[in-house]
Amino acid sequence: MAKRGKLEIMRDILTMVQSNRNYMRPTPLLRKSKMTTARFKEYYSELTLRGLLKEVTDEHQDRFLMVTDKGFRFLERYRTIVDFIDEFEL
Amino acid sequence: MRPPIEFLLPPELGIELLYSFVIVICSLMIYRATREMYELSSYKGIQYFRRAFLFFAIAYFFRYSIKYLIFFFNLQEIIELNPHAIGNLSLFIFLYSSFMAMFYLLYSVMWKKWSHTPIKVLLINSAALLLAFLGVISHSQEMSIFLNAALLVAISFVFSKAYHESHNKEKGKGLYFIYFLLVLFWILNIIDILLPRFLHIYQIGIYLVSTFLFMAILYKVLKRSGN
């Protein structure tokens, strides 16, 4: 159940960035995610490490987050993945 | 005039080859169909589920297919192969992969309850290696039946526990029943290979039911994975 929650949180974070024209600063994302900083960092590094989210720096050296192609594919397949986990009780 | 097919391949060997081919293909298709879901989610349950079917494919490849490959490609003429050593080695790999497949199938439904530590995986691997070794060196009927019966009891216990703790009893019922049958027929397969005469009369039935179970799981996987 805990792990299912994890997939849901991952989807929520990616959806937040996607719905913000796929360009979002980390601080507003943290605020919107309603998570503690430590927990947010954990998900943030996991999402970037897995290549679902990427960090870009603009000309003013400001950091932004973007959903990658793999991240979009995750969002597309999210329902199928969750149904599969449910079906096989994984 | 072309020789009849029976001349090329005795019927019982043909059935074994077809059976092993279907199991290997079904298992590899399950492994392949779940790849993207695992790559996207890195979900541990999917990873263990995939590993179970990869081990099933390895087990069946080494149970039957390898001897046909050696036979068809005339490998024994190219390299000097000792049939006894090849037989024991493929039996060892078959037994080890079978035990690992059963372990990963169990682990895919129980991983949230069992803490994951490398030492546990090492212990399970060692136990599978030991059981495979015992299977190869022991030619005692009682020993083989005892080991496999103990394995079946242990696995049935875990599946029944998993079912009772399942959050969706209605859905879980059919799934655990399929898993239980799969394990049961897998163990009958192991007994069949260790003691060929013991279940000879039921062999075709075991093959048919095992094939049907694999195809049922494959159907469910393909349907649910959107393939």
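Just so it is clear: chains get the letters A, B, ... in the order the sequence lines come, proteins before strands, and each one is counted from 1.
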**Item:** Which atoms of A:Leu52 approach chain B - backbone, side chain, both or neither, heavy atom under 4.5 Å
**Value:** side chain
**Message:** B:Ser108: which residues meet the side chain to side chain contact (heavy atoms under 4.5 Å, CB included) condition with it, sequence neighbours left out?
**Reply:** A:Leu90, B:Tyr48, B:Phe49
Tabulate below the donor-acceptor pairs under 3.5 Å that side-chain atoms of residues 91-100 of chain B make, not counting sequence neighbours, or state none.
{"residue": "B:Tyr96", "atom": "OH", "partner": "B:Asn125", "partner atom": "OD1", "Å": "2.4"}
{"residue": "B:Ser97", "atom": "OG", "partner": "B:Ile93", "partner atom": "O", "Å": "2.7"}
{"residue": "B:Ser98", "atom": "OG", "partner": "B:Phe94", "partner atom": "O", "Å": "2.8"}
{"residue": "B:Ser98", "atom": "OG", "partner": "B:Trp186", "partner atom": "NE1", "Å": "2.9"}

**Asked** Which residues in residues 21-38 of chain A have any heavy atom lying under 4.5 Å from a heavy atom of chain B?
**Response** none
**Prompt:** Heavy atoms under 4.5 Å from chain B: which residues of residues 62-75 of chain A carry them?
**Reply:** A:Lys70, A:Arg73, A:Phe74
**Message:** Please report the interatomic distance OH(B:Tyr43) to CG(A:Leu7), rounded to the nearest 0.5 Å.
**Reply:** 6.5 Å
**Prompt:** Does a sphere of radius 6.0 Å around CE in B:Met29 hold more than 12 heavy atoms from other residues, nucleotides or ligands, not counting ones at 6.0 Å or beyond?
**Reply:** no
**Message:** Counting C-beta onward and ignoring hydrogens, is there a side-chain heavy-atom pair between A:Phe88 and B:Val109 closer than 4.5 Å?
**Reply:** no
**Asked** Within the side chain of A:Arg50, is there an N or O that forms a donor-acceptor pair under 3.5 Å with the backbone of B:Ser41?
**Response** yes
**Item:** Residue pair A:Asp83 / B:Arg224: nearest heavy atoms and the distance that separates them
**Value:** CB-NH1, 4.1 Å
